[in-house]
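To keep things clear, I will list the structure first and then write my remarks on it.
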Amino acid sequence: MGQYWRTYTSAAPLAVFRLAFGVMILGSMVRFWAKGWIDELYIKPTFFFPYYGFEFIKPLGDYTYLLFAVCGLSALLVALGWFYRVASVLLFLSFTYIELMDKSTYLNHYYFVSLVAFLLILLPANSYFSVDAYRNRSGFYDSIPRWTIDSLRLLMGIVYLYAGLAKLNSDWLLEALPLRIWLPGRNDLPVIGFLFNYRETAFAFSWLGALYDLSIPFLLLNRFTRPFAYAAVVIFHVLTAVLFPIGMFPYIMIVAALIFFPAGFHQKILSGLSHLLNLPDLLSGSKILIYSKQQSRFLSSFLIIFFIIQILVPFRYMLYPSELFWSEEGYRFSWRVMLMEKMGNVQFKVVDEMGQQIMVNNEDHLTKLQEKMMATQPDMLVQFAHYLRDYYAQRGFRNPTVYADTYVSLNGRLGKPYIDPTVNLAQETDSFMPKKWILPFRDEIKGL
Amino acid sequence: MVHFSWKTVAFFVAFVGVIWACSTSKDTPDPTPDPDPNPSNTGTDRKLLLTNIADNIILPGYTNFKTKFDLMLAKSDAFAAKPDQASLMAFRQAWVDAYTEWQKVELFDVGPAESKTLRYFFNIYPANVTGIEENIIAGNASLELPASYPKQGFPALDYLINGLATTDDAILQKYTTATDAAKRLAYVKQITTQMNTMLTAVLTEWTTTYRDKFINATGIDVSGSLSKLVNGYVLNYERYIRSGKFGIPSGAMANGVPSAEKVEAFYKKDLSLILAKTAHQASIDFFNGKDVKTGKEGPGFKTYLTALGAKDSQSGKSLVEVINAQFDASNAKLGTLKPNLYDEVKTNNAAMVAVYTEMQKAVRMLKVDMTSAMSITITYADNDGD
């Protein structure tokens, strides 16, 4: 094992990854801005759902635009490998800040981006084909420790493998849910649309999807299967992009999976780019980046801890007695993607000591997206209940109590009450402890 | 070695899987029929569904309404030309007919009706009596701003032909001998003209450009017609039938304090139940895809849900059955009410609240179970699976 940390490899794959990743994030930021989502999601709303422990992270009013600009600019600098250390730290901080502002915009791929950005802070991704190495030759290395590239591969592998494990459940495999619900909605696509009228298609997609996620990291590692595996990556993600509104995720994964290709492949990309853009020589030279013993020890122990956490966190749901898909206790940050068609409706009632009572119109306080997300997630329901308690306390309600009349449907099961309607949510707290006021699912989804 | 062979196995499994998938999905030109009565590729054809809804429900629905509305316009003009007992009675009857027919089109809250907010110019109640009287005195007041919505439409006419005084003679006096009689007649004309302008604009857009746009927007995203249709339909059922006609007057939605004066057709009084029943039945018929002219069921929410195989996986009952049973339950509660909902709130409010409660159950089925089964999107934002 000690030997492993002293194995060296070409810096080209990491340089390509840095460049592609930076460009993708810059693109994401531009897309987000251009669609007007900064205003719609982070400036217009009056209430935001913070993450537990990160309640101090809030949108910055009009300065939120500045935050996105900082994120986009640091992504560009990372891509170029220019002021890389500062830029990579800024990219991680600004991107993660954005994602922590409101839970209702949670996406697994944002979490993935945050994790990659975090790893990039530690990795010597600017040592090759970068402005930094061009301006300062002493920072140029064409060979870097092998673990730097392997750590990105490992992270990708975890994402796929866990996404695959999460699909090993009875709804997905035996009922083809939720794909059976979603796919007919795309039957108006040209050429392939008619396929989605058949239940068999949903089953084929479910099984192949699970198989794909579980096997793709291994198939990408093996040099014989790699070309086919990468073709599968492209087909799979392009298909998901066509079928579902999942934004940049497919493209980020298609680009990121290139990290599995060998150095020669990346070297070709870089010399091709150099030639195409008529760049000065950023590639020749031969120098190995060797970390000092202390650096090496620090980085290796840090990474080991990081990955142990990554491997354990998705399994934290096992600590909760409830059905995961129903209560969503331990659902986020676990690579559970496209697993549920879940929809809900909630009517809050605020009552005060004097018997004064009001039925809340959620739309007065929340965006459609926030309302939709809240209706099926208990931690958000209790956060909003607290907001209502404080809101009405300021408006003359004495010691207001808050009750939620809820109705949630999961993967085609007829909706049923979700939260105990007799529990005063104003007094309940959000924590990592099991939430006893979530009503039982009264059904079983077998599997992981 | 073991590692390598595992990978080989994985690869072959994947490979065979791909072959299998291709063969199952492509080599079945004549697929085994679904258990559903409708072949899945016509039942889930959203263009067929939208075409039926446009051509056999929405457009003929508007045509029927326009006939009744035009008649009301004529009677209103006749009344203005010669305000007497006979012309007042004729105007009132035409108003009743048009108002009732309106209940069958208010739910088409999609396309031009939605963008022009047709409902706001036709049926926002309770009428703002003070505002109406101010408008009459002022003459030519604007009827465009939100504050003016309760000063126009059917509810304002209700006040102007049924609610000005307790006797018909006294009402007629307001239009004949009273000092502002001419202004009052002018205001009636202004309201009916406004309604006519809005309705004409909506119908024109439907018949010229929107019909084709509507049937071709087959996506299920926010910009798709089905999504807009469902959202408008559910909103109408929830806010304008459940809340407007029952929840608010009965106080079920507001602190339990009833406000009988907030019933629909407050001045006519004995019409309120008919309006509510008509609106409710229109929602049921729309759900079942009932052709407005022939009364036969065609492609609609019902056939679509059936073709999707939407059912409660726990009880095995089809979603369509479950929803129609809930509509029946609401109808049963509606059946216990007397025609004058104002009196019902005053003397039999528990029955009003009971209707609200039953309708609330239907709201959730429509809003959650139906919308989820159709996988309708409600926002543009990225989503990686709820």
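Below, read A as the first sequence line, B as the second, and so on, with proteins coming before strands; counting in each chain starts at 1.
- Here the CZ-OG distance, from B/Arg364 to A/Ser409, works out to 12.5 Å after rounding to the nearest 0.5 Å.
- Aromatic ring centres of A/Tyr212 and A/Tyr160: separated by under 6.0 Å.
- A/Tyr111 and A/Arg332 share no side-chain donor-acceptor pair at under 3.5 Å.
- For B/Ala310, no part lies near chain A; criterion is any non-hydrogen pair under 4.5 Å.
- Using a 4.5 Å cut-off between heavy atoms, B/Lys47 makes no contact with chain A at all.
- Per-residue heavy-atom pair counts under 4.5 Å with chain B were compared for A/Asn345, A/Leu177, A/Ile181, and the maximum is reached by A/Asn345.
- Looking at A/Tyr407, the atoms closer than 4.5 Å to chain B (heavy atoms on both sides) sit in the backbone and in the side chain alike.
- At a heavy-atom cut-off of under 4.5 Å, chain A is reached by B/Thr218, B/Gly219, B/Ile220, B/Arg239 from residues 216-244 of chain B, listed in order of number.
- If you measure heavy-atom distances from A/Phe325 to chain B, you find no contacts under 4.5 Å at all.
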Discussion item. Assess the residue pair A/Asn187 and B/Thr44 against the criterion (side chain to side chain donor-acceptor pair (under 3.5 Å)); give the C-alpha distance rounded to whole Å, side-chain angles, the decisive distance to 0.1 Å, and a yes or no.
Written reply: CA-CA 8 Å; A/Asn187 62 5; B/Thr44 55; 3.2 Å; yes
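- Aromatic rings from A/Tyr106 and A/Phe333 are positioned such that their centres are separated by under 6.0 Å.
- For A/Arg180 and A/Asn411, the side-chain atoms include no donor-acceptor pair closer than 3.5 Å.
- Close placement of the A/Tyr392 and A/Phe397 rings is indicated, their centers lying within 6.0 Å of each other.
- For a residue to count as touching a neighbouring chain, one of its non-hydrogen atoms must lie under 4.5 Å from one of that chain's; by this rule A/Asp171 does not touch chain B.
- Stacking of A/Lys416 on the aromatic ring of A/Phe441 is recorded, both the 6.0 Å distance cut-off and the 45° axial limit being met.
- A donor-acceptor pair is defined here as one N or O able to donate and one able to accept, closer than 3.5 Å; no such pair exists between the side chain of B/Ser259 and the backbone of B/Ser250.
- Interface remark: B/Val322 contributes side-chain atoms only to the contact with chain A (heavy atom separation under 4.5 Å).
- Options B/Ser375, B/Ser372, B/Ala373 differ in how many heavy-atom pairs under 4.5 Å they form with chain A, and the most are formed by B/Ser372.
- Residue contact with chain A, scored on non-hydrogen atoms closer than 4.5 Å, is absent for B/Ser315.
- Using a 4.0 Å cut-off between charged nitrogen and carboxylate oxygen, B/Lys317 and B/Asp312 do not count as a salt-bridge pair.
- Taking the charged nitrogens against the carboxylate oxygens, B/Arg119 and B/Asp109 do have a contact shorter than 4.0 Å, which makes a salt bridge.
- In this structure, the portion of A/Thr406 lying under 4.5 Å from any heavy atom of chain B is its backbone and not its side chain.
- Of the two parts of A/Arg31, only the side chain, counted from C-beta on, holds a non-hydrogen atom closer than 4.5 Å to a non-hydrogen atom of chain B.
- In this structure, no portion of A/Glu175 lies under 4.5 Å from any heavy atom of chain B.
- Under the side-chain contact (heavy atoms from CB on, under 4.5 Å) rule, B/Lys333 has a single partner from B/Glu358, B/Met359, B/Met352, which is B/Glu358.
- Neither the backbone nor the side chain of A/Val350 comes within contact range of chain B; no heavy atoms are under 4.5 Å apart.
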